[in-house]
Amino acid sequence: MKDKLPLILLIVVGFMGLTDRFLPHPAPEHLNQYMRDTLLRIISAFALILGLGNLILRHMNRIRKKSTDWPHSYTLLISFFVASVIGLFGGVAGELWFPTRVGTFDFNITTIYNQMLIPLGASMFSLLAFYMASAAYRSFRARNWLAILLLGSAFIVMLGQVPIGYRISPAIPEISQWIMEVPNTAAKRGIELGITLGVLATFLKILSGIERSWLGSGR
Amino acid sequence: MNLSTDIWVWVGVFLTFCIYSFLYRDNPFYKFGEHLFVGVSNAFTLSFMVHRIIIPILVRPFTEAWRTAGSEGLSAGLFNPYAPSNFLVIIPGVIGCFYFARFIPGLTWLVRIPIALFMGYYVGRSVPAYLEGSVFPQMRGTMLTQASFDPAQGGILGGIFALLVLVGVIGTLTYFFFSKEHKGVVKWGAQTGIVFVMVGFGASFGFTVMARVSLAIGRFIFILRDALGIVT
Amino acid sequence: MNWERLLKIDRRVIFLTMALAIILPLLFPIRLTMGVQRVTRNLFQAVEAIDPARQCLLISTDYTPQTEPENHPMAKALMRHGFARRVPVLVNALYVEGAPLIDQAITEVMGDFNARATSREDSILYGRDIVYLGWQPPPIVPILAMGESITGIYPDDYYGNRTDSLEVMRRIRNYADVGIVVAITPLSSPLWYVQFAQTKYGVKVGAGCTAVCAPDFYPYCATGQLSGMMAGMKGAAEYEELVEQKYRTGGRLKATEGMASQSAAHVLIMVFVILGNVAYFAMRRKS
Amino acid sequence: MRWACILCLLTLPAGWAAAQEGAAVGGAPVETAVAGADAGEAPLGQPAEPAPPAPFPAPAGATARDKPNDGGGAIAIRWQPVPGAMAYRIERAGEDGAFVPVGAASALENAYEDRVEDGVAYRYRVVALGPAGEEGASPATLPARSRPQWFNGDLTGVALSVVAFILVVAWFIRRARRGEQLFVRRIAGLEAVDEAVGRATEMGRPVLYIPGTGRIEDIATVASMNVLGEIAKKTAEFGTPILVPNRDPVVFTVSREVVKGAYTAAGRPDAYDPNSVFFLVENSLAFAAAVDGIMVRERPATNFLLGSFFAESLILAEVGASTGAIQIAGTDQVPQLPFFVVACDYTLMGEELYAASAYLSREPLMLGALKGQDAGKLLFMALLVAGTIFSLITGLDAGWLLSTSGY
């Protein structure tokens, strides 16, 4: 029961998902829609609550145990609670009862998102420009012929990306596009075809119960 | 120079600085930025989850069904899961609560039910999507036809390139072949494959530099234009 | 010269020079000329082929402010192109995070056009020439549902208007009336449209993607599943140029301006790679 | 013997062809009505117009039929183009007989899809519009009804290939079950797993396992969960702490069960630390920021980055590399692979990630599935070569066998 029921459920909904695309009839279509748009969405909301509970408890623990950097756990908890109150009771755009405006200063959750999360996310993301430079410097060494291929094609494509490449020779952007269209396409296609086989195999392993690590320990 | 008077802009500048300081090394500014990021971002997700999912698709259908039942009495329509107001939304709610069964000794296995629903459904769904969206058209695109040599589409040279793609795809597939050691013919195939893979990866890397630099440009424009007003 | 020291150079030196390479061209701007890639031209042609009387251009966005510098100019260039040709433009956002950005882009481009308009016919009117459908989660749902009815899945637009009350939405019902969907993305939403909308409803799909995704999309451009694409900031700059050459729409060409910093950063990385290899071989010869 | 089965599969294309032809000709219940059989019949209703427009050649061969392979609600109208026409207007008549315009098509088109109610009979006619407003209406088609279909015949090939693959894998699994030894070659990235976990043990530092930033919908995440089970067994045996930060709450619930199960399976349920698997944040960049923090502060000796990764891949991999950790990465997100190859010690590319749990567990049944993957690859290669040779010799396009709807 404890193993079988989840496995049976998994097989049933697995086939439901599998056949969704093959059965255009409204009856299965509606069932699938219900599954995606209502059932699984509601369940995922509960998973989030569980996850947030886990995060809060972990940081409260860190404060209690005075682990390294514990004062920063306060930053996390306070910012979480304050912003949650603003978001939950102030509404998405400040339309609910909790005040999210002082004079001309707006701080509803959408504003907070735009003015705090966006700069944070964009800065984090843009670190990549720097990491790419250091990764290229560190790893693009012509150690063996495979490395030379990697380095060479990266070099040509980088040059083809910018107007200077075009100035050096109009052929460079052409070559770079050829690399993207021929060897790159071939490699990607080969990898993608393999991935599909992996997906199929994973589907079978999970549905046939060969792979059951997800069942965890409660047995 | 035309300094911004908007408090939020300076908050943005400060937070950008906090994150960039990590390039120097880990430091209290970064730790502050990191923890704030996690805290506020979770609050944002929670608010949206409540306002866009829990209330409209779980709570509201139920309370409306309750109200209808109060004024018009129970009817079969209130138990139709597809109806905008129905009592059956309680079922997904209960299944969602099974996640918390983990804390109830003896019932921990109930956690597997929502997990099974998620894994089963999406694993099943992805199979035809991959085959139809990826394998079939990509296989088709890889096969050569006489049209590959069509003068209108690059002629002989176009045909040779198409052949190269075919060779590359077969080589790459050979590289991933698990049942044979890379020896003999398989070795040649796999080596061809890895040549294509490495050239492709290099190209991919080179191509990406632009995207990443664009992001940094965006950040610096924010500081130079929005906050300091040095450039327009 | 101490090669070993050069090989083990502190990462922070690289970071600092990189920052300078990006900032200096921003402070002292120059404009560079460039060639146009085939895929960009194909996308431009596909948008040119839309019949303004019957069809619309659907711009589907799922970028967030993080990829704004790349994706935002694409959305604006497409809007400019649509407006210049009087093709109705529908825009949606697949994720809430990017939704306010699109509003800003629409306001800006509409403003540019309307500042030069002389009559009502000449202006860009909301509801007639452009509709911002807003956001419906999760992304897969609107992608599938728009095949049946666009107003069905987007009953209200971003600004809270009933979509079925908008002039253009009376003739644009579903994918059958969409000339092309151009998905502007840092992820793989063009492929979602290919996998879920094109396979089922046969709609044309184009892409505007960050440079990082572009290599992935070339195979789809080759098979024709994607009608064309703008790849990264360069693709956006090229599209800006194409629209500007043909229609003289004016407005800031953001992507074109950023290309100088791009060039500097690219050259810098290449210099680093060369330096690294010179040092590497010098060291190897020594040992 | 093994190849016999694959050979059978190679004959599949013929089966597909037959099936597709069947669907097109007689397979689907199609209600086709050809106009012109009685071309003399006068249209039953005319839209009221003040002055009748000048005549124009009418489109011939207009047909209306249920749109095949859909969920109902659509009728497909086709006609032969009229030279010189500027556009076409499509008109529909219900039971009452009056034709009303329902849509238009450009001069380049010769098909239109009308959205209608299921089960109701409609007749259509196509009006060709001339350059000066002339009109030429085709005779009315016979009535057509739209209805939903149960099976999407366009996908017969896809359905058959799913079935074929299931059979092949099942066959290999049966062989494995009978106790046959199945050979699998060395995969460097996976050979290194033991060494990598061992190194963390020696250094007394934790192992960091990042199950990607995808959701459970991404199958790579499911594959990663399976690998996590195997790696957690190893850390349980070695007594090395493992850290599993999660970005998706649903994945978090799964990975927690997986790790706990692995510790139980390894016979060390007491060593399982409930704090080792934790949820961080859904925003993937906030997640990257927090994981960077973990990397520089907890200094794990080994980082596993296995699953679905997006733009944050290089942020994680470069920061991990700067802390000196051994890094084993793997993803099926092809655009991220180059970054992992450049910044990590070992990279599992695409399919290798899916093979990893079978490889690590060495469980015969799982290896059977792996063999099935290989058979699939052989099939792909054979089809590509055979299709190319066939097309080049005959001048036909073998690829159309692989066409699904929309192309």
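Both backbone and side-chain heavy atoms feed into the values below; hydrogens, waters and symmetry mates do not. Lettering follows sequence order; numbering is per chain, from 1.
For A:Leu77, no part sits under 4.5 Å from any heavy atom of chain B, backbone or side chain. Heavy-atom distances place the side chain of B:Ile54, and not its backbone, under 4.5 Å from chain A. If you measure heavy-atom distances from A:Leu197 to chain B, you find no contacts under 4.5 Å at all. B:Cys97 touches chain A through backbone and side chain together, each having a heavy atom under 4.5 Å away. With a 4.5 Å cut-off on non-hydrogen atoms, A:Phe105 touches chain B through its side chain but not through its backbone. Neither the backbone nor the side chain of B:Phe17 has a heavy atom closer than 4.5 Å to any heavy atom of chain A. Contact annotation for B:Val197: both backbone and side-chain heavy atoms come within less than 4.5 Å of a heavy atom of chain A. With a 4.5 angstrom heavy-atom cutoff, A:Phe125 touches chain B via backbone and side-chain atoms both. In this structure, the portion of B:Tyr30 lying under 4.5 Å from any heavy atom of chain A is its side chain and not its backbone. Contacts of B:Val13 with chain A are absent, with no heavy-atom separation under 4.5 Å from either backbone or side chain. Using a 4.5 Å cut-off between heavy atoms, B:Phe220 contacts chain A through its side chain alone, with no backbone atom that close. Contacts between B:Tyr122 and chain A at a heavy-atom distance below 4.5 Å involve the side chain alone, from C-beta outward. Using a 4.5 Å cut-off between heavy atoms, B:Ile7 contacts chain A through its side chain alone, with no backbone atom that close. Contact of A:Leu7 with chain B is not made at all, since no heavy-atom distance falls under 4.5 Å. Contacts of B:Leu23 with chain A are made by side-chain atoms alone, with heavy-atom separations under 4.5 Å and no backbone atom involved. Residue A:Ser176 does not touch chain B at all, counting heavy-atom pairs closer than 4.5 Å. Residue A:Ile86: no heavy atom, backbone or side chain, is found under 4.5 Å from chain B. Only the side chain of B:Ile53 comes within contact range of chain A, with heavy atoms under 4.5 Å apart. Contacts of B:Phe161 with chain A are made by both backbone and side-chain atoms, with heavy-atom separations under 4.5 Å. In this structure, chain A has a heavy atom under 4.5 Å from the side chain of B:Phe22, while its backbone stays farther away. With a threshold of 4.5 angstrom between heavy atoms, B:Thr174 does not approach chain A through any atom at all. Heavy-atom distances place both the backbone and the side chain of A:Asn32 under 4.5 Å from chain B.
Here A:Ser123 is the residue among A:Ala154, A:Pro119, A:Gly91, A:Ser123 with the most heavy-atom pairs under 4.5 Å with chain B. Interface remark: of the candidates A:Leu200, A:Leu40, A:Thr38, A:Leu9, A:Leu40 forms the most heavy-atom pairs closer than 4.5 Å to chain B. Ranked by non-hydrogen atom pairs under 4.5 Å with chain B, the options A:Ser126, A:Gly90, A:Ala45 are led by A:Ser126. For the set A:His59, A:Met116, A:His30, A:Met132, the count of heavy-atom pairs under 4.5 angstrom toward chain B peaks at A:Met132. Interface check for chain B: of the options A:Val157, A:Ile191, A:Asn184, the most heavy-atom pairs under 4.5 Å are formed by A:Val157. Ranking B:Ser214, B:Ala129, B:Ala203 against chain A, the residue ahead of the rest is B:Ala203, based on heavy-atom pairs under 4.5 Å. Chain B forms more heavy-atom pairs under 4.5 Å with one residue of A:Thr104, A:Val82, A:Ile195, A:Leu31 than with any other, namely A:Leu31.
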>> side-chain contact (heavy atoms from CB on, under 4.5 Å), that's the test. Do A:Met35 and A:Asp20 meet it? Break it down for me.
In response: CA-CA 11 Å; A:Met35 187 82 191; A:Asp20 175 36; over 6 Å; no
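The backbone N or O of B:Thr16 sits nowhere less than 3.5 Å from a side-chain atom of B:Arg219 that would complete a donor-acceptor pair.
Taking the charged nitrogens against the carboxylate oxygens, A:Asp69 and A:Arg62 have no contact shorter than 4.0 Å, which rules out a salt bridge.
Between the CG atom of A:Leu48 and the CE atom of B:Met49 there is a distance of 4.5 Å, given to the nearest 0.5 Å. B:Lys187 NZ to B:His182 NE2: the interatomic distance, rounded to the nearest 0.5 Å, is 11.0 Å.
In this pair, B:Phe32 and B:Phe14 present their aromatic rings tilted. The plane angle is within the 30 to 60° band. The aromatic rings of A:Trp70 and A:Tyr74 sit perpendicular to each other, their planes meeting at more than 60°, with 30° as the lower class boundary.
The only option from A:Val85, A:Asn108, A:Leu88 that meets the side chain to side chain contact (heavy atoms under 4.5 Å, CB included) definition with A:Phe98 turns out to be A:Val85.
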